[in-house]
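Written out below as C-alpha coordinates is the structure these notes cover.
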Amino acid sequence: MDSAALQSAESHYFTNNPPPKDLKVNITLAREFITRHADQGRRVVLVTSGGTIVPLETQMVRYIDNFSAGTRGATSAEYFLQNGYAVIFLHRQFSLLPYSRHYSHNTRSFLDFMKEGDGRVVVDEQHQEEMMYVLRQYMEAKRNNTLLILSFVTITEYLWDLREVAKLMRPLGPKAIFYLAAAVSDFFVPQDRMVEHKIQSSEEFAQNAEDSGDTSGKLPAARTEGRSLIIDLEPVPKFLKSLVDGWAPEGMIVSFKLETDPSLLVKKATHSLKNYQHHLVIGNLLLTRKWEVVFVSSIDGEKWIRVPSNRRTKSFSGVESLVGAADPTGKKDAGEEPAI
Ligand code: 9Z3
(Lines give C-alpha, C1' and ligand atoms only; values in the text may rest on other atoms or scores of the structure.)
Protein backbone atom coordinates (compact mmCIF):
# COMPACT_ATOMS: atom_id res chain seq x y z
CA MET A 1 0.00 0.00 0.00
CA ASP A 2 1.48 3.40 -0.95
CA SER A 3 1.52 6.23 1.55
CA ALA A 4 -1.49 8.07 0.07
CA ALA A 5 -3.61 4.90 0.25
CA LEU A 6 -2.41 4.27 3.81
CA GLN A 7 -3.31 7.80 4.87
CA SER A 8 -6.72 7.50 3.35
CA ALA A 9 -7.36 4.12 5.07
CA GLU A 10 -6.23 5.65 8.36
CA SER A 11 -8.37 8.74 8.02
CA HIS A 12 -11.37 6.63 6.98
CA TYR A 13 -10.90 4.46 10.08
CA PHE A 14 -10.64 7.33 12.55
CA THR A 15 -13.48 9.28 10.92
CA ASN A 16 -15.84 6.32 11.01
CA ASN A 17 -14.94 4.80 14.37
CA PRO A 18 -15.42 7.40 17.11
CA PRO A 19 -12.86 7.99 19.88
CA PRO A 20 -13.29 6.55 23.39
CA LYS A 21 -14.91 8.78 26.02
CA ASP A 22 -11.74 8.92 28.12
CA LEU A 23 -9.44 9.90 25.22
CA LYS A 24 -9.16 13.56 26.28
CA VAL A 25 -8.31 12.62 29.86
CA ASN A 26 -5.74 10.08 28.62
CA ILE A 27 -4.14 12.69 26.36
CA THR A 28 -3.91 15.21 29.21
CA LEU A 29 -2.33 12.65 31.54
CA ALA A 30 0.09 11.39 28.88
CA ARG A 31 1.13 14.91 27.82
CA GLU A 32 1.96 15.90 31.38
CA PHE A 33 3.81 12.61 32.00
CA ILE A 34 5.87 12.80 28.81
CA THR A 35 6.83 16.45 29.30
CA ARG A 36 7.85 15.94 32.92
CA HIS A 37 10.04 12.93 32.21
CA ALA A 38 11.57 14.42 29.08
CA ASP A 39 12.50 17.52 31.16
CA GLN A 40 14.10 15.24 33.76
CA GLY A 41 16.09 13.46 31.03
CA ARG A 42 14.29 10.11 31.37
CA ARG A 43 13.56 7.91 28.41
CA VAL A 44 9.90 7.16 27.86
CA VAL A 45 8.49 3.82 26.72
CA LEU A 46 4.95 3.05 25.70
CA VAL A 47 4.19 -0.57 26.62
CA THR A 48 0.95 -1.97 25.20
CA SER A 49 -0.48 -5.07 26.83
CA GLY A 50 -3.44 -7.47 26.80
CA GLY A 51 -5.97 -8.26 24.11
CA THR A 52 -8.26 -5.92 22.19
CA ILE A 53 -11.91 -6.92 21.81
CA VAL A 54 -14.15 -6.60 18.75
CA PRO A 55 -17.74 -5.71 19.70
CA LEU A 56 -20.48 -7.23 17.56
CA GLU A 57 -23.26 -4.87 18.68
CA THR A 58 -23.30 -1.16 19.63
CA GLN A 59 -25.13 -2.01 22.85
CA MET A 60 -22.57 -4.72 23.32
CA VAL A 61 -23.63 -8.11 24.61
CA ARG A 62 -21.29 -10.21 22.45
CA TYR A 63 -17.73 -9.60 21.39
CA ILE A 64 -14.71 -11.43 19.97
CA ASP A 65 -11.72 -11.63 22.28
CA ASN A 66 -8.35 -13.36 22.45
CA PHE A 67 -6.36 -15.25 25.04
CA SER A 68 -3.85 -12.60 26.16
CA ALA A 69 -3.67 -12.07 29.93
CA GLY A 70 -1.13 -9.24 29.70
CA THR A 71 1.70 -11.18 31.34
CA ARG A 72 4.31 -10.16 28.79
CA GLY A 73 3.40 -6.48 28.91
CA ALA A 74 3.10 -6.23 32.71
CA THR A 75 6.35 -8.12 33.28
CA SER A 76 8.26 -6.13 30.68
CA ALA A 77 6.99 -2.87 32.18
CA GLU A 78 8.59 -3.85 35.51
CA TYR A 79 11.93 -4.42 33.79
CA PHE A 80 11.74 -1.07 31.95
CA LEU A 81 11.02 0.67 35.26
CA GLN A 82 13.91 -1.13 36.94
CA ASN A 83 16.15 0.18 34.16
CA GLY A 84 15.21 3.81 34.67
CA TYR A 85 12.51 4.29 32.03
CA ALA A 86 9.28 6.16 32.49
CA VAL A 87 6.54 3.75 31.39
CA ILE A 88 3.17 4.51 29.84
CA PHE A 89 1.34 1.23 30.34
CA LEU A 90 -1.55 1.07 27.87
CA HIS A 91 -3.37 -2.09 28.80
CA ARG A 92 -6.63 -3.95 28.39
CA GLN A 93 -8.81 -3.05 31.35
CA PHE A 94 -8.56 -5.69 34.12
CA SER A 95 -5.61 -7.50 32.51
CA LEU A 96 -2.41 -7.95 34.52
CA LEU A 97 -0.69 -4.86 35.95
CA PRO A 98 2.99 -4.41 36.80
CA TYR A 99 3.73 -5.51 40.40
CA SER A 100 0.17 -6.45 41.40
CA ARG A 101 0.36 -9.22 38.76
CA HIS A 102 2.32 -11.30 41.28
CA TYR A 103 -0.80 -11.54 43.41
CA SER A 104 -3.67 -11.49 40.90
CA HIS A 105 -4.94 -13.82 38.14
CA ASN A 106 -3.13 -16.53 40.00
CA THR A 107 -4.20 -20.02 40.94
CA ARG A 108 -3.92 -18.61 44.49
CA SER A 109 -6.07 -15.77 45.78
CA PHE A 110 -4.21 -12.72 47.16
CA LEU A 111 -5.84 -13.63 50.47
CA ASP A 112 -3.67 -16.74 50.54
CA PHE A 113 -0.68 -14.44 51.08
CA MET A 114 -2.28 -13.04 54.26
CA LYS A 115 -2.89 -14.21 57.78
CA GLU A 116 -4.34 -12.86 60.99
CA GLY A 117 -1.91 -11.71 63.64
CA ASP A 118 -2.90 -9.90 66.85
CA GLY A 119 -6.26 -8.96 65.42
CA ARG A 120 -4.63 -7.41 62.31
CA VAL A 121 -4.18 -8.60 58.74
CA VAL A 122 -0.52 -9.30 58.03
CA VAL A 123 1.47 -10.94 55.25
CA ASP A 124 2.27 -14.56 55.93
CA GLU A 125 5.86 -15.17 57.03
CA GLN A 126 6.72 -17.30 54.02
CA HIS A 127 5.77 -14.48 51.59
CA GLN A 128 7.37 -11.58 53.50
CA GLU A 129 10.68 -11.48 51.64
CA GLU A 130 9.23 -11.77 48.16
CA MET A 131 6.42 -9.31 48.81
CA MET A 132 8.80 -6.79 50.34
CA TYR A 133 10.93 -7.00 47.18
CA VAL A 134 7.92 -6.38 44.92
CA LEU A 135 6.47 -3.70 47.22
CA ARG A 136 9.72 -1.72 47.30
CA GLN A 137 9.87 -1.59 43.52
CA TYR A 138 6.22 -0.62 43.31
CA MET A 139 6.69 2.15 45.90
CA GLU A 140 9.72 3.48 44.08
CA ALA A 141 7.75 3.71 40.82
CA LYS A 142 4.99 5.53 42.71
CA ARG A 143 7.41 7.90 44.45
CA ASN A 144 9.12 8.83 41.17
CA ASN A 145 5.83 8.91 39.28
CA THR A 146 7.38 6.76 36.56
CA LEU A 147 4.36 4.60 35.78
CA LEU A 148 1.29 5.94 34.00
CA ILE A 149 -1.51 3.40 33.63
CA LEU A 150 -4.03 3.87 30.80
CA SER A 151 -6.59 1.35 29.63
CA PHE A 152 -8.55 0.28 26.58
CA VAL A 153 -11.13 -2.41 25.90
CA THR A 154 -11.96 -2.42 22.18
CA ILE A 155 -9.68 -2.40 19.15
CA THR A 156 -10.90 1.10 18.29
CA GLU A 157 -10.14 2.45 21.76
CA TYR A 158 -6.69 0.88 21.53
CA LEU A 159 -5.93 2.45 18.14
CA TRP A 160 -7.11 5.92 19.19
CA ASP A 161 -5.01 5.81 22.36
CA LEU A 162 -1.98 4.45 20.51
CA ARG A 163 -2.17 7.13 17.84
CA GLU A 164 -2.62 10.04 20.23
CA VAL A 165 0.06 8.91 22.69
CA ALA A 166 2.48 8.21 19.82
CA LYS A 167 1.97 11.72 18.45
CA LEU A 168 2.69 13.15 21.91
CA MET A 169 5.90 11.09 22.04
CA ARG A 170 7.01 12.18 18.58
CA PRO A 171 9.07 15.18 19.81
CA LEU A 172 11.20 12.76 21.90
CA GLY A 173 12.66 11.41 18.64
CA PRO A 174 14.80 8.29 19.12
CA LYS A 175 14.38 8.54 22.91
CA ALA A 176 10.81 7.28 22.54
CA ILE A 177 10.32 3.52 22.62
CA PHE A 178 7.20 1.68 21.50
CA TYR A 179 6.95 -1.85 22.88
CA LEU A 180 3.82 -3.30 21.33
CA ALA A 181 3.00 -6.47 23.26
CA ALA A 182 -0.79 -6.09 23.10
CA ALA A 183 -2.57 -8.80 21.12
CA VAL A 184 -4.27 -6.71 18.48
CA SER A 185 -7.28 -7.91 16.48
CA ASP A 186 -6.64 -8.25 12.76
CA PHE A 187 -10.35 -8.01 11.92
CA PHE A 188 -13.19 -5.90 13.27
CA VAL A 189 -16.76 -4.69 12.75
CA PRO A 190 -16.79 -1.08 11.47
CA GLN A 191 -19.21 1.25 13.22
CA ASP A 192 -21.35 1.72 10.10
CA ARG A 193 -21.96 -2.04 9.86
CA MET A 194 -22.64 -2.65 13.52
CA VAL A 195 -26.18 -3.42 14.68
CA GLU A 196 -27.50 -1.40 17.60
CA HIS A 197 -29.20 -4.20 19.52
CA LYS A 198 -28.38 -7.70 20.67
CA ILE A 199 -28.12 -10.15 17.77
CA GLN A 200 -31.17 -12.42 17.78
CA SER A 201 -30.94 -16.16 17.42
CA SER A 202 -33.71 -16.34 14.84
CA GLU A 203 -34.38 -14.23 11.74
CA GLU A 204 -37.91 -13.56 12.96
CA PHE A 205 -36.71 -11.00 15.52
CA ALA A 206 -33.54 -9.90 13.70
CA GLN A 207 -32.99 -6.22 12.95
CA ASN A 208 -32.45 -5.14 9.42
CA ALA A 209 -30.11 -2.30 8.47
CA GLU A 210 -32.86 0.35 8.52
CA ASP A 211 -34.03 -0.70 12.02
CA SER A 212 -30.56 0.00 13.27
CA GLY A 213 -30.65 3.51 11.81
CA ASP A 214 -28.22 2.71 9.01
CA THR A 215 -29.10 4.08 5.61
CA SER A 216 -25.95 3.07 3.77
CA GLY A 217 -27.58 -0.11 2.49
CA LYS A 218 -24.71 -2.21 3.79
CA LEU A 219 -25.45 -5.57 5.37
CA PRO A 220 -24.81 -5.71 9.14
CA ALA A 221 -21.46 -7.39 9.75
CA ALA A 222 -22.99 -9.76 12.31
CA ARG A 223 -26.44 -11.11 11.46
CA THR A 224 -28.60 -14.20 11.59
CA GLU A 225 -29.42 -15.98 8.35
CA GLY A 226 -31.86 -18.82 8.95
CA ARG A 227 -30.55 -20.40 12.14
CA SER A 228 -26.91 -19.47 11.49
CA LEU A 229 -24.97 -16.56 12.81
CA ILE A 230 -22.95 -14.91 10.05
CA ILE A 231 -20.01 -12.75 11.12
CA ASP A 232 -18.36 -10.92 8.29
CA LEU A 233 -15.39 -8.94 9.63
CA GLU A 234 -13.25 -6.35 7.86
CA PRO A 235 -9.48 -5.98 8.13
CA VAL A 236 -8.08 -3.51 10.67
CA PRO A 237 -5.85 -1.00 8.80
CA LYS A 238 -2.13 -1.68 9.16
CA PHE A 239 -1.56 0.79 11.97
CA LEU A 240 2.09 -0.28 12.42
CA LYS A 241 2.87 1.32 9.08
CA SER A 242 1.16 4.53 10.22
CA LEU A 243 3.17 4.48 13.46
CA VAL A 244 6.50 3.98 11.70
CA ASP A 245 5.87 6.39 8.84
CA GLY A 246 3.69 9.03 10.41
CA TRP A 247 2.91 9.08 14.11
CA ALA A 248 6.43 8.67 15.51
CA PRO A 249 8.89 8.14 12.64
CA GLU A 250 12.03 8.58 14.77
CA GLY A 251 10.95 6.38 17.67
CA MET A 252 12.36 2.94 18.39
CA ILE A 253 9.61 0.48 17.55
CA VAL A 254 9.43 -3.08 18.84
CA SER A 255 6.49 -5.19 17.69
CA PHE A 256 5.49 -8.73 18.64
CA LYS A 257 4.41 -11.52 16.34
CA LEU A 258 2.34 -14.39 17.67
CA GLU A 259 1.88 -17.63 15.77
CA THR A 260 0.86 -21.20 16.54
CA ASP A 261 2.56 -22.87 13.56
CA PRO A 262 6.33 -23.00 14.22
CA SER A 263 7.13 -23.10 10.50
CA LEU A 264 5.55 -19.65 10.02
CA LEU A 265 6.96 -17.70 12.94
CA VAL A 266 10.31 -16.48 11.62
CA LYS A 267 8.94 -16.05 8.09
CA LYS A 268 6.14 -13.82 9.31
CA ALA A 269 8.34 -11.87 11.73
CA THR A 270 10.82 -11.22 8.88
CA HIS A 271 7.99 -10.24 6.59
CA SER A 272 6.68 -7.77 9.18
CA LEU A 273 10.15 -6.23 9.63
CA LYS A 274 10.55 -5.82 5.86
CA ASN A 275 7.07 -4.42 5.42
CA TYR A 276 7.16 -1.85 8.17
CA GLN A 277 10.89 -1.10 8.33
CA HIS A 278 10.93 -0.74 12.11
CA HIS A 279 13.61 -1.90 14.56
CA LEU A 280 12.71 -5.24 16.05
CA VAL A 281 10.09 -7.96 15.83
CA ILE A 282 9.88 -10.35 18.76
CA GLY A 283 8.30 -13.61 17.65
CA ASN A 284 6.64 -16.10 19.97
CA LEU A 285 4.56 -19.25 19.72
CA LEU A 286 1.42 -19.61 21.77
CA LEU A 287 2.53 -22.76 23.59
CA THR A 288 6.15 -21.83 24.27
CA ARG A 289 5.86 -18.05 24.66
CA LYS A 290 6.69 -18.12 28.37
CA TRP A 291 10.17 -19.47 27.84
CA GLU A 292 11.35 -18.83 24.29
CA VAL A 293 11.18 -15.91 21.90
CA VAL A 294 12.96 -15.04 18.69
CA PHE A 295 14.34 -11.57 18.04
CA VAL A 296 14.29 -10.63 14.35
CA SER A 297 16.09 -7.41 13.41
CA SER A 298 17.95 -6.05 10.42
CA ILE A 299 21.13 -5.74 12.53
CA ASP A 300 21.23 -9.19 14.19
CA GLY A 301 19.03 -11.29 11.90
CA GLU A 302 17.35 -14.10 13.84
CA LYS A 303 18.30 -14.62 17.48
CA TRP A 304 16.55 -16.98 19.91
CA ILE A 305 16.36 -16.30 23.64
CA ARG A 306 15.48 -19.28 25.80
CA VAL A 307 14.96 -19.78 29.50
CA PRO A 308 17.09 -22.75 30.59
CA SER A 309 15.03 -25.89 31.14
CA ASN A 310 15.89 -26.08 34.86
CA ARG A 311 14.13 -22.73 35.35
CA ARG A 312 10.88 -23.77 33.66
CA THR A 313 7.81 -25.28 35.19
CA LYS A 314 4.51 -26.57 33.87
CA SER A 315 1.71 -24.20 34.82
CA PHE A 316 -1.88 -25.19 35.49
CA SER A 317 -2.73 -24.83 31.78
CA GLY A 318 0.13 -27.11 30.76
CA VAL A 319 2.13 -24.20 29.33
CA GLU A 320 5.71 -24.22 30.52
CA SER A 321 6.91 -21.07 32.25
CA LEU A 322 9.90 -19.60 34.05
CA VAL A 323 10.53 -20.30 37.72
CA GLY A 324 12.05 -17.92 40.21
CA ALA A 325 12.48 -14.66 38.28
CA ALA A 326 10.46 -12.47 40.63
CA ASP A 327 11.81 -14.17 43.70
CA PRO A 328 14.89 -12.48 45.17
CA THR A 329 15.86 -15.68 46.93
CA GLY A 330 15.52 -17.73 43.74
CA LYS A 331 13.96 -20.50 45.82
CA LYS A 332 10.29 -20.18 45.12
CA ASP A 333 8.05 -20.60 42.11
CA ALA A 334 7.41 -17.16 40.62
CA GLY A 335 4.57 -18.48 38.51
CA GLU A 336 4.11 -17.32 34.97
CA GLU A 337 7.20 -15.21 34.34
CA PRO A 338 7.98 -15.02 30.63
CA ALA A 339 11.40 -15.24 28.97
CA ILE A 340 11.51 -11.47 28.49
C1 9Z3 B 1 2.41 -10.98 21.53
O2 9Z3 B 1 2.84 -11.72 20.69
C3 9Z3 B 1 2.61 -11.20 23.03
O4 9Z3 B 1 3.87 -11.69 23.30
C5 9Z3 B 1 1.53 -12.16 23.63
C6 9Z3 B 1 1.74 -12.21 25.13
C7 9Z3 B 1 0.14 -11.61 23.32
C8 9Z3 B 1 1.68 -13.55 23.05
P9 9Z3 B 1 0.39 -12.74 27.31
O10 9Z3 B 1 -0.30 -11.40 27.32
O11 9Z3 B 1 0.79 -13.04 25.77
O12 9Z3 B 1 1.67 -12.72 28.09
O13 9Z3 B 1 -0.56 -13.84 27.71
N14 9Z3 B 1 1.72 -9.84 21.20
C15 9Z3 B 1 1.51 -9.26 19.91
C16 9Z3 B 1 0.76 -9.99 18.86
C17 9Z3 B 1 0.13 -9.04 17.86
O18 9Z3 B 1 -1.05 -8.83 17.93
N19 9Z3 B 1 0.91 -8.48 16.93
C20 9Z3 B 1 0.33 -7.66 15.86
C21 9Z3 B 1 0.96 -8.02 14.56
O22 9Z3 B 1 1.94 -8.74 14.51
C23 9Z3 B 1 0.43 -6.20 16.17
S24 9Z3 B 1 1.99 -5.52 16.55
O25 9Z3 B 1 0.42 -7.56 13.52
Side-chain angles (χ1 to χ4, degrees), residues 1 46-54 64-79 89-98 101-102 104-106 151-152 154-155 158-159 161-163 166 177-188 235-244 247-248 251-262 264-296 304-305 307 315-322 325-326 334-340:
M1 196 186 270
L46 172 70
V47 175
T48 70
S49 184
T52 59
I53 72 159
V54 173
I64 300 174
D65 202 353
N66 69 60
F67 73 95
S68 170
T71 315
R72 172 89 66 216
T75 310
S76 302
E78 288 177 15
Y79 284 97
F89 188 68
L90 177 60
H91 79 296
R92 161 76 175 277
Q93 187 185 38
F94 307 132
S95 66
L96 292 176
L97 288 172
R101 73 179 174 96
H102 299 282
S104 58
H105 293 251
N106 214 307
S151 68
F152 61 83
T154 67
I155 173 70
Y158 170 79
L159 289 178
D161 283 331
L162 176 67
R163 181 171 82 152
I177 300 186
F178 297 86
Y179 186 87
L180 308 173
V184 183
S185 327
D186 286 326
F187 300 98
F188 81 121
V236 171
K238 294 295 177 199
F239 69 90
L240 201 48
K241 188 87 192 135
S242 310
L243 179 65
V244 177
W247 304 342
M252 170 163 184
I253 297 171
V254 179
S255 73
F256 280 78
K257 177 61 69 189
L258 171 75
E259 292 298 333
T260 53
D261 178 349
L264 284 182
L265 183 63
V266 173
K267 271 188 215 152
K268 293 208 48 190
T270 309
H271 183 257
S272 170
L273 195 71
K274 276 210 186 105
N275 241 359
Y276 304 122
Q277 299 282 309
H278 56 305
H279 300 85
L280 174 66
V281 180
I282 303 180
N284 49 182
L285 292 166
L286 183 68
L287 294 182
T288 58
R289 70 188 191 282
K290 305 274 180 180
W291 54 276
E292 67 173 16
V293 291
V294 57
F295 278 31
V296 180
W304 284 87
I305 297 182
V307 174
S315 73
F316 185 65
S317 58
V319 177
E320 290 195 73
S321 61
L322 167 61
E336 307 232 328
E337 191 90 357
I340 55 161

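Remember, it's 1-based here, ligands and their atoms both numbered in the order they're listed. On a predicted model such as this, the values are computed, not experimentally measured, just so you know.
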Ligand 1 N/O within reach of Gly70 N/O, cut-off under 3.5 Å: yes
Test of proximity, Ser68 against ligand 1: N or O pairs below 3.5 Å: yes
4.0 Å heavy-atom contact, Ala74 with ligand 1: no
Polar proximity ligand 1 side, Leu240 side, N/O cut 3.5 Å exclusive: no
Per-residue contact class, Ala182 against ligand 1 - non-hydrogen pairs under 4.0 Å: backbone
Shortest non-hydrogen separation from Glu259 to Leu264 and the atoms involved: OE1-CD1, 4.3 Å
Ligand-side contact atoms (ligand 1) for residue partner Phe67, heavy atom cut-off under 4.0 Å: 7 (C), 8 (C), 11 (O), 13 (O)
Region of Arg289 engaging ligand 1 - heavy atom pairs below 4.0 Å: side chain
Ala181, Gly283, Ala183: member with heavy atom nearest to atom 14 (N) of ligand 1: Ala181
Derivation of the side chain to side chain contact (heavy atoms under 4.5 Å, CB included) call for Ile53 and Arg92: CA-CA 9 Å; Ile53 72 159; Arg92 161 76 175 277; 3.3 Å; yes
Donor on one side chain, acceptor on other, Tyr276 and Ser255, under 3.5 Å: no
Numbered atoms of ligand 1 (with element) below 4.0 Å of Leu258, judged on heavy atoms: 2 (O), 8 (C)
Mode of Thr71 contact toward ligand 1 - side chain, backbone, both, neither (heavy atoms, under 4.0 Å): both
Side chain to side chain contact (heavy atoms under 4.5 Å, CB included) evaluation trace for Phe67 with Leu258: CA-CA 11 Å; Phe67 73 95; Leu258 171 75; 3.3 Å; yes
Closest non-hydrogen atom pair between Leu96 and Thr71, with its separation: CD1-OG1, 3.5 Å
Test of proximity, Val184 against ligand 1: N or O pairs below 3.5 Å: yes
From CA spacing to verdict: side chain to side chain contact (heavy atoms under 4.5 Å, CB included), Val184, Ile155: CA-CA 7 Å; Val184 183; Ile155 173 70; 3.4 Å; yes
Nitrogen or oxygen of Arg72 less than 3.5 angstrom from that of ligand 1: yes
Heavy-atom gap Ala69 to ligand 1 smaller than 4.0 Å: yes
Close N or O approach (Ser255, ligand 1; < 3.5 Å): no
Side chain to side chain contact (heavy atoms under 4.5 Å, CB included) assessment of Leu162 paired with Leu46: CA-CA 9 Å; Leu162 176 67; Leu46 172 70; 3.6 Å; yes
Spacing of Phe239 atom CZ and Tyr158 atom OH [to the nearest 0.5 Å]: 4.5 Å
Approximate separation, where rounding is to 0.5 Å, of Thr270 OG1 and Lys257 NZ: 10.5 Å
